[in-house]
Amino acid sequence: MIMKNKEELKSLIDAVTSSDDYEGNYGYHITDTSATLSNVDESHRQQAPDDYLEFLTEFGFGELDAAFHLDDGPEKYSTICGRDIEGYEGIYVFGGNSSDVLYAFDAKNNWQVVEISSELDGVDVLASSFSDFILEQLKYIKSLVERRAGG
């Protein structure tokens with residue numbers, strides 16, 4: 001899937017990173033998509049979402065705000081936890097926020113975007129594609145930044 005809404009994404013990222021209160025370190029770009037997917041099981045790599053890889057190449061990764069950081073590649077949830085957890089075999093974490101929420105792909109369900117939090121029992125589906133997820137996430141972060149600036 002080709003990334004949708006590129007101009008809007010660029011404008012949202014610019015609005016956040018150019019704000020007076022911006023303290024993140026966002027904007028590092030990947031150059032090697034195979035290295036980006038090195039922590040993804042080989043059986044899942046071919047299906048990795050193109051829009052996600054395109055976003056990391058074109059817009060980058062890093063901490064955009066305390067409310068959102070994007071990693072330089074997905075990591076198996078079991079690796080982050082330090083143990084295998086039943087039902088989470090195809091979960092690959094790609095980002096999160098500073099409040100204990102992780103954003104991940106569910107490789108067993110068409111790479112839909114899910115949220116994992118210590119407060120949830122299981123995973124919560126957020127979006128069917130990375131493009132849809134990142135657009136909503138950036139709109140939310142921009143609204144947080146505007147609220148802080150205004151207030």
Side-chain angles (χ1 to χ4, degrees), residues 1 3-30 33 35-40 44 48-85 87-151:
M1 173 189 279
M3 192 187 332
K4 303 182 288 194
N5 307 305
K6 277 190 190 182
E7 289 305 312
E8 188 174 3
L9 292 172
K10 181 176 179 3
S11 141
L12 288 164
I13 292 169
D14 289 347
V16 171
T17 56
S18 65
S19 83
D20 291 341
D21 297 329
Y22 176 67
E23 295 176 355
N25 63 351
Y26 186 81
Y28 301 101
H29 297 264
I30 65 161
T33 56
T36 300
L37 297 175
S38 63
N39 294 321
V40 174
H44 292 140
D50 292 334
D51 56 345
Y52 166 70
L53 296 171
E54 188 179 339
F55 186 90
L56 291 180
T57 304
E58 198 159 316
F59 297 108
F61 62 92
E63 184 179 2
L64 193 55
D65 186 86
F68 184 68
H69 71 268
L70 193 59
D71 300 329
D72 61 351
E75 181 77 56
K76 286 172 90 167
Y77 185 66
S78 59
T79 303
I80 291 169
C81 293
R83 61 187 173 87
D84 288 331
I85 298 174
Y88 286 72
E89 295 84 2
I91 302 292
Y92 295 96
V93 175
F94 64 81
N97 69 24
S98 58
S99 303
D100 224 16
V101 171
L102 298 175
Y103 300 114
F105 292 115
D106 184 348
K108 290 186 170 189
N109 288 295
N110 295 320
W111 288 80
Q112 63 189 3
V113 177
V114 298
E115 176 181 291
I116 306 167
S117 121
S118 51
E119 296 170 15
L120 290 173
D121 185 24
V123 299
D124 199 10
V125 177
L126 297 178
S128 60
S129 74
F130 181 78
S131 290
D132 293 343
F133 164 78
I134 199 68
L135 181 62
E136 290 310 308
Q137 196 64 33
L138 290 172
K139 286 177 180 175
Y140 170 68
I141 294 164
K142 181 177 181 240
S143 74
L144 289 179
V145 168
E146 288 170 347
R147 207 171 311 137
R148 276 186 227 128

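Residue numbers run from 1 in the order of the sequence given. Below, all heavy atoms of this structure are taken into account, side chains as well, without hydrogens, waters or symmetry copies. Remember, predicted model here, so these are calculated numbers, not experimental data.
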Take M3 and L9, measure what side-chain contact (heavy atoms from CB on, under 4.5 Å) needs, and give me the verdict at the end. CA-CA 10 Å; M3 192 187 332; L9 292 172; 3.4 Å; yes

Within a 6.0 Å radius of atom CG on N110, are there more than 12 heavy atoms belonging to other residues, nucleotides or ligands? no

Around atom CG of N25, are there more than 12 heavy atoms of other residues, nucleotides or ligands at under 6.0 Å? yes

Counting only N and O atoms by type, is there a donor-acceptor contact under 3.5 Å from the side chain of [X] to the main-chain atoms of [Y]?
{"X": "H29", "Y": "T57", "result": "yes"}
{"X": "T33", "Y": "T36", "result": "no"}
{"X": "D51", "Y": "S131", "result": "yes"}
{"X": "E89", "Y": "G87", "result": "yes"}
{"X": "Y26", "Y": "G60", "result": "yes"}

Kindly compute the distance separating [atom1] ([X]) from [atom2] ([Y]), expressed to the nearest 0.5 Å.
{"X": "E63", "Y": "Y28", "atom1": "CD", "atom2": "OH", "answer": "10.5 Å"}
{"X": "L126", "Y": "D106", "atom1": "CG", "atom2": "CG", "answer": "11.5 Å"}
{"X": "L144", "Y": "D65", "atom1": "CG", "atom2": "CG", "answer": "6.0 Å"}
{"X": "W111", "Y": "D50", "atom1": "CH2", "atom2": "CG", "answer": "11.0 Å"}
{"X": "C81", "Y": "I91", "atom1": "SG", "atom2": "CD1", "answer": "10.5 Å"}
{"X": "S19", "Y": "D14", "atom1": "OG", "atom2": "CG", "answer": "11.5 Å"}

Where is the tightest heavy-atom contact between [X] and [Y], given as atom of each residue plus distance?
{"X": "D71", "Y": "Y52", "value": "O-OH, 4.1 Å"}
{"X": "T17", "Y": "Y22", "value": "O-CD2, 3.4 Å"}
{"X": "S99", "Y": "N97", "value": "N-OD1, 2.6 Å"}
{"X": "A35", "Y": "S38", "value": "O-OG, 2.9 Å"}

Note, [X] side chain near [Y] side chain (heavy atom, < 4.5 Å):
{"X": "L56", "Y": "D72", "value": "no"}
{"X": "L70", "Y": "F59", "value": "no"}
{"X": "K139", "Y": "K142", "value": "no"}
{"X": "P74", "Y": "L37", "value": "yes"}
{"X": "I134", "Y": "V113", "value": "no"}

Show your reasoning for whether salt bridge (charged side-chain N to carboxylate O under 4.0 Å, His left out) applies to E58 and K10. CA-CA 10 Å; E58 198 159 316; K10 181 176 179 3; over 6 Å; no

Test of understanding: with side chain to side chain contact (heavy atoms under 4.5 Å, CB included), list the residues that count as partners of E75, not counting sequence neighbours. N39, T79, I80

Can you list the steps and then say if L135 with K4 is a side-chain contact (heavy atoms from CB on, under 4.5 Å)? CA-CA 9 Å; L135 181 62; K4 303 182 288 194; over 6 Å; no

Just say parallel, tilted or perpendicular for the rings of F94 and F105, cut-offs at 30° and 60°. tilted

Sequence-distant partners of H44, ring-ring contact (aromatic ring centres under 6.0 Å, His included), two or more places apart: Y92

Please walk me through it: do D21 and V145 pass side-chain contact (heavy atoms from CB on, under 4.5 Å)? CA-CA 7 Å; D21 297 329; V145 168; 5.6 Å; no

Assess the pair Y140 and F68: is the distance between their ring centroids shorter than 6.0 Å? no

